[in-house]
Amino acid sequence: MDNELQILELADYHEKFTVNECNGYLIINKKMADHKCLFGFTQLSECFDDAKGLFEAMENRARELGFNEIVGPVNYCSWMSYRWAISNYETVLFPDCTNPPYYTDFIRRLGYRELYTYRSACIDMNNPMYHAGEIVYRQKLEEGFTFEFYSGEQAYKLADAVFDISCDAFRGSYLYCDIPKEYFDKLYLSWTKGLKLAMYIAFYKGEPVGYVMGYDSPYGDCFISKTSAVRKEFQKHKLYTALLYLGWKYVIDKGYKDMMYHFQCEQKDIFRRFDKDVESGEKRYAVFVKEL
């Protein structure tokens, strides 16, 4: 299982559509809480008429199946590759969406609008939240939480804990649905191989309850904070702030001045921007929707 297309084995329905050099999949995932009719695994040529023909074919089939909207690009759910870049196309992160600008030009011309937007940006580590986080971290220690650091192969030994925390934390989020652990290991986790992973896990009464995970960018002098999660039971108790502080301290100790926060959803309640003097290098992404 080394091809992301294999995630479609879990779909309730999927069908590939092709118009000359343009192709994509219509995907039905009834496990999704919000948007069950998706397009994904999309490749477009520079011919707008071919792209128009492709999407018209997928939209007509979606109507036949009884759906009144189509959302994408989403390759089954938010565990897998999804989104298109909508700014700073020349910036390359890891992992990333590397579509050319005409993809988003075409999709807008076809009547799609942005549904969810995401951004990546560098955050200067010398910021007020870092200093406040140290206080919160010490409070959490007094409350009985412990924090352990893992890197490299050590981090992979905690894959089961990371998977369980992620499922609990993200369940109910935009475009989320559960996937079997086997698919997490073989498809989602596989992209991290070869990276210099670094991870802090928070424990309470010996049980893992939250984590932050990042790595040195393979494309330059940058540290990327990719994923962080806290079990719902421990959310809104500042545990996330304590974990962020530990992540920031690790990055500072490695000699980095700032850290890239990758793929933050701008519609989430917890999303916050820093002041302009703290943030830099923003790249934005989107998932689109069309009402049929």
Side-chain angles (χ1 to χ4, degrees), residues 1-45 47-85 95-100 102-104 106-116 118 163 166-167 170-191 263 265 285-292:
M1 188 186 298
D2 55 4
N3 185 332
E4 191 174 319
L5 277 169
Q6 291 178 268
I7 196 69
L8 296 181
E9 297 168 357
L10 302 177
D12 297 285
Y13 163 93
H14 65 275
E15 181 178 353
K16 185 176 182 180
F17 292 80
T18 301
V19 176
N20 295 325
E21 299 301 314
C22 295
N23 59 78
Y25 282 80
L26 183 68
I27 303 161
I28 308 301
N29 181 357
K30 295 179 180 178
K31 302 178 188 69
M32 298 275 273
D34 40 13
H35 309 289
K36 304 178 189 299
C37 182
L38 314 164
F39 73 86
F41 296 102
T42 315
Q43 295 179 316
L44 303 179
S45 71
C47 177
F48 175 74
D49 287 341
D50 287 350
K52 181 180 179 182
L54 172 70
F55 277 91
E56 286 180 346
M58 291 193 292
E59 291 162 12
N60 289 336
R61 183 64 176 135
R63 289 189 189 93
E64 292 173 1
L65 294 170
F67 293 93
N68 59 14
E69 70 167 17
I70 183 170
V71 171
V74 181
N75 296 352
Y76 181 74
C77 70
S78 56
W79 285 100
M80 315 314 296
S81 301
Y82 67 107
R83 299 170 282 233
W84 279 339
D96 207 4
C97 307
T98 56
N99 56 283
Y102 71 82
Y103 273 44
T104 50
F106 283 4
I107 202 73
R108 290 183 175 114
R109 288 173 64 185
L110 291 169
Y112 288 76
R113 60 176 174 83
E114 293 176 5
L115 175 64
Y116 302 129
Y118 306 80
F163 178 72
S166 299
C167 291
F170 298 133
R171 192 169 289 126
S173 297
Y174 303 123
L175 303 174
Y176 175 88
C177 80
D178 289 331
I179 61 172
K181 178 64 166 46
E182 175 188 10
Y183 286 77
F184 171 79
D185 289 342
K186 299 296 185 181
L187 297 180
Y188 183 81
L189 197 60
S190 63
W191 65 263
F263 290 151
C265 181
Y285 312 83
V287 167
F288 297 85
V289 63
K290 182 176 182 179
E291 287 78 21
L292 304 179

Please examine the side chains of [Y] and [X], heavy atoms only from C-beta on, and report whether any two atoms are closer than 4.5 Å.
| X | Y | answer |
| --- | --- | --- |
| Val287 | Val74 | yes |
| Leu38 | Tyr82 | no |
| Cys37 | Leu65 | no |
| Asn60 | Leu292 | no |

Stepwise side-chain contact (heavy atoms from CB on, under 4.5 Å) test for Ile179 and Cys77: CA-CA 9 Å; Ile179 61 172; Cys77 70; 3.9 Å; yes
Output every pair passing salt bridge (Lys or Arg N to Asp or Glu O under 4.0 Å) with a member in [range], not counting sequence neighbours, ordered by first then second residue.
| range | result |
| --- | --- |
| residues 51-60 | Glu59-Lys290 |
| residues 60-84 | Glu15-Arg61, Arg61-Glu64 |
| residues 18-28 | none |

What pair of heavy atoms forms the shortest contact from [X] to [Y], and how long is it?
| X | Y | value |
| --- | --- | --- |
| Leu54 | Cys22 | CD2-CB, 4.0 Å |
| His14 | Ala11 | ND1-CB, 4.3 Å |
| Ser173 | Asp34 | O-OD2, 4.4 Å |

Plane angle bin for Phe39 and Phe55 - parallel if under 30°, tilted between 30 and 60°, otherwise perpendicular: perpendicular
Test ring-ring contact (aromatic ring centres under 6.0 Å, His included) applied to Tyr174 - qualifying residues, sequence neighbours left out: Tyr116
Set of salt bridge (charged side-chain N to carboxylate O under 4.0 Å, His left out) partners for Asp96, sequence neighbours left out: Lys283
Residue list, salt bridge (charged side-chain N to carboxylate O under 4.0 Å, His left out) with Asp185, at least two apart or on another chain: Lys181
Donor-acceptor contacts under 3.5 Å from residues 24-32 side chains, at least two apart:
unit_1 : atom_1 : unit_2 : atom_2 : d
Asn29  : OD1    : Lys31  : N      : 3.0
Asn29  : ND2    : Tyr76  : O      : 3.2
Lys31  : NZ     : Leu10  : O      : 3.4

Verdict with reasoning, Gln6 to Tyr183, per side-chain hydrogen bond (donor to acceptor under 3.5 Å, both in side chains): CA-CA 9 Å; Gln6 291 178 268; Tyr183 286 77; over 6 Å; no
Verdict with reasoning, Arg113 to Arg108, per side-chain contact (heavy atoms from CB on, under 4.5 Å): CA-CA 6 Å; Arg113 60 176 174 83; Arg108 290 183 175 114; over 6 Å; no
Backbone N/O of Ala85 and side chain of Asn99: donor-acceptor pair under 3.5 Å: yes
Any donor-acceptor pair under 3.5 Å from Asn75 side chain to Met80 backbone: no
Tyr176: side-chain hydrogen bond (donor to acceptor under 3.5 Å, both in side chains) partners, not counting sequence neighbours: Asp178
Worked verdict on Val71 versus Leu175 for side-chain contact (heavy atoms from CB on, under 4.5 Å): CA-CA 10 Å; Val71 171; Leu175 303 174; 4.3 Å; yes
Sequence neighbours excluded, which residues qualify as side chain to side chain contact (heavy atoms under 4.5 Å, CB included) partners of [X]?
| X | result |
| --- | --- |
| Ala57 | Phe17 |
| Asp49 | Cys47 |
| Arg109 | Phe48, Asp105, Phe106 |
| Pro95 | Trp191, Tyr215, Lys226, His262, Phe263 |

Stepwise side-chain contact (heavy atoms from CB on, under 4.5 Å) check, Tyr112 with Ile70: CA-CA 9 Å; Tyr112 288 76; Ile70 183 170; 3.3 Å; yes
From Cys97 atom SG to Trp84 atom CH2, the distance as rounded to the nearest 0.5 Å: 10.5 Å
Sub-6.0 Å ring centroid separation between Phe184 and Trp79: yes
